[in-house]
Protein chains: 2
Amino acid sequence: MNKRNKSYHHGDLKQALLDEALRHIRAEGIESLSLRACSKAVQVSPGAAFRHFKDKRELATAIAAHGYRLMCAAILEYQSKAEDTEMAQFRAVGEGYVAFALNEPNLFHLMFAPGQLDSSDEHLKAQAAKIPMFSREGSGPLGVGDMLVWGVVHGLSELAIQGHFKDSLPGDFDGKMEKLTQVMAAVGPSLRALSQK
Amino acid sequence: MNKRNKSYHHGDLKQALLDEALRHIRAEGIESLSLRACSKAVQVSPGAAFRHFKDKRELATAIAAHGYRLMCAAILEYQSKAEDTEMAQFRAVGEGYVAFALNEPNLFHLMFAPGQLDSSDEHLKAQAAKIPMFSREGSGPLGVGDMLVWGVVHGLSELAIQGHFKDSLPGDFDGKMEKLTQVMAAVGPSLRALSQK
DNA sequence: AGGCATATGTAATCGATGATTACTTATGTG
DNA sequence: CACATAAGTAATCATCGATTACATATGCCT
């Protein structure tokens with residue numbers, strides 16, 4: 001638990017691997033993530049990584065869980081900046097969701113790449129449950145409004161990330177957010193109404 | 001061009017590889033697709049596959065292009081079954097999009113997995129351009145309504161595929177489609193109005 | 001028919017990867 | 001201080017994408 005950097009033992013290899021994996025995924029995406037490359041970057045043998053992560057998927061799952069934490073933080077940030085009306089708070093959730101996706105496209109992609117993750121991981125589920133959309137999962141069926149709200153923000157996020165809106169959105173983050181906020185505002189009220197009944 | 005199955009030459013190896021790759025992607029997904037396994041399944045040496053596809057990505061791209069053809073067919077089918085009113089045809093596009101996604105989740109996933117594809121492939125772009133949502137790309141910026149329409153159908157498709165609506169949707173295809181059709185119908189008119197101005 | 005360019009396939013090989021195993025070294029607790 | 005355990009190494013396997021040099025079949029041209 002203490003930091004021993006004298007020799008041999010790394011100190012906190014697990015965290016170091018997580019850091020390196022996060023850095024790599026942000027920069028290059030999940031596809032090219034390699035345990036060996038991570039191990040080398042942290043100056044450790046390939047096999048050592050498997051002492052802390054039984055799988056490549058286990059590492060990816062941990063990173064995805066961290067992604068949910070960041071997404072949650074983004075939503076809370078937008079909520080804290082918004083007025084304290086129900087409608088403003090409702091919109092802030094969507095804006096935070098989209099803002100996170102635009103800022104962390106590779107993390108967003110990983111979080112919705114079921115093949116690369118262990119979806120039954122408890123820590124992963126716990127972090128996801130902090131997101132309003134996810135927290136309603138399991139608590140009975142979602143209403144029409146809830147499905148639409150999630151669908152809109154998720155679809156817009158994904159399509160924007162993948163460049164399908166590149167002719168329709170400014171190049172910089174602030175411009176994208178402003179335009180997407182307008183887009184969502186166009187249906188916000190009706191979705192909110194559907195979501196409440 | 002003729003079918004010679006006497007010996008050595010395969011006859012139509014390229015198509016055989018495409019068939020096998022499509023079968024594998026449908027059954028297992030893109031992640032585990034392997035050129036070697038495909039080659040073995042078609043009784044051919046691994047290197048032979050590279051005669052017809054310079055890359056693994058080139059093979060994946062061809063399959064994705066086929067996916068767009070199938071998605072287009074699904075949309076046309078829903079349109080042909082729908083009434084000949086503007087609103088009914090508008091809704092049929094969305095229903096066809098979602099129906100395809102539910103029927104071919106792995107193909108749908110591949111078509112929106114930019115890392116695995118060569119997005120600049122001409123054949124791929126040509127097939128995609130037959131989908132109403134994609135055909136508006138490049139023809140000036142999309143309006144608010146168009147972005148919302150695409151976002152809704154795409155987001156609902158993806159979330160449904162990934163099981164995030166599993167408490168809210170029936171287990172069978174027909175049940176899912178019925179519910180999702182209701183969901184989309186709840187905002188169809190307002191989106192259509194936005195999309196037309 | 002004969003000959004030859006080309007299309008198509010094989011076999012061998014490279015480097016990287018995920019994963020496992022047996023072994024070694026450090027840690028810290030009774 | 002001894003010893004169980006945690007944490008790392010080194011070696012190895014099978015698989016993968018990709019390239020190369022080589023072999024064989026096809027079909028066109030005269």
- Message: Considering only residues two or more places apart or on different chains, which pairs with a residue in residues 78-97 of chain B satisfy salt bridge (charged side-chain N to carboxylate O under 4.0 Å, His left out)?
- Response: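 Sorted pair list: B:Glu77-B:Lys81, B:Glu86-B:Arg192, B:Arg91-B:Glu95.
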- Pair listing, salt bridge (charged side-chain N to carboxylate O under 4.0 Å, His left out) test, anchored in residues 43-66 of chain B, at least two apart: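 Sorted pair list comes back empty.
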- Choose from D:dA18, C:dT17, D:dG8 the nucleotide whose nearest atom is closest to any side-chain atom of A:Ala37.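 Nearest to the side chain of A:Ala37 among the choices is C:dT17.
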- Nucleotide of C:dG9, C:dA19, D:dA18 approaching B:Ala48 most closely (side-chain heavy atoms):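 From the listed options, C:dG9 comes nearest.
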- Query: Crowded around A:Arg69 CZ? As in, over 12 foreign heavy atoms under 6.0 Å?
  - Reply: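 It does not: A:Arg69 CZ has 12 such atoms or fewer within range.
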- Message: Within this structure, what is the NZ-CG distance for the pair A:Lys166 and B:Leu142, rounded to the nearest 0.5 Å?
- Response: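 If we round to the nearest 0.5 Å, A:Lys166:NZ and B:Leu142:CG are 10.5 Å apart.
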Taking atom [atom2] of [N] as reference, at what distance in whole Å does atom [atom1] of [X] sit?
X: A:Arg51; N: D:dT9; atom1: CZ; atom2: P; answer: 11 Å
X: A:Lys40; N: D:dA10; atom1: NZ; atom2: C1'; answer: 15 Å
X: A:Phe50; N: D:dA11; atom1: CZ; atom2: P; answer: 18 Å
X: A:Leu13; N: D:dT9; atom1: CG; atom2: C1'; answer: 12 Å
X: B:Asp12; N: C:dA7; atom1: CG; atom2: P; answer: 16 Å
X: A:Gln15; N: D:dA7; atom1: CD; atom2: P; answer: 14 Å
X: B:Lys14; N: C:dA7; atom1: NZ; atom2: C1'; answer: 13 Å
X: B:Leu59; N: D:dG17; atom1: CG; atom2: C1'; answer: 12 Å

- Message: Using a 4.0 Å cut-off on heavy atoms, which residues in residues 23-34 of chain B reach DNA chain D? List them by number, or say none.
- Response: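 Correct list: B:Leu33, B:Ser34.
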- Which residue, B:Gly47 or A:Gly47, contacts DNA chain C at a nucleotide closer to its 5' end, judged by nearest heavy atom?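 Nearest nucleotide further toward 5': that of B:Gly47.
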- On DNA chain D, nearest-nucleotide positions of A:Arg36 versus A:Ser45: which is more 5'?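 Closest to the 5' end, via its nearest nucleotide, is A:Ser45.
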- Query: When you measure from the side chain of A:Gln89 to the backbone N and O of A:Gln79, does any donor-acceptor pair fall under 3.5 Å?
  - Reply: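 Yes; at least one donor-acceptor contact below 3.5 Å.
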- Query: Ignoring hydrogens and geometry, is there a side-chain-to-backbone donor-acceptor pair from A:Thr61 to A:Asp118 under 3.5 Å?
  - Reply: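 Here the side-chain-to-backbone pair exists.
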- Query: Any side-chain heavy atom of A:Lys125 sitting closer than 4.5 Å to one from A:Phe134?
  - Reply: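 Heavy-atom side-chain distance check fails, nothing below 4.5 Å.
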- Query: Just to confirm, is there a sub-4.0 Å distance from OP1 or OP2 of C:dG9 to any side-chain nitrogen or oxygen of B:His52?
  - Reply: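 So the side-chain polar atoms of B:His52 do come within 4.0 Å of the phosphate oxygens OP1 or OP2 of C:dG9, strictly under.
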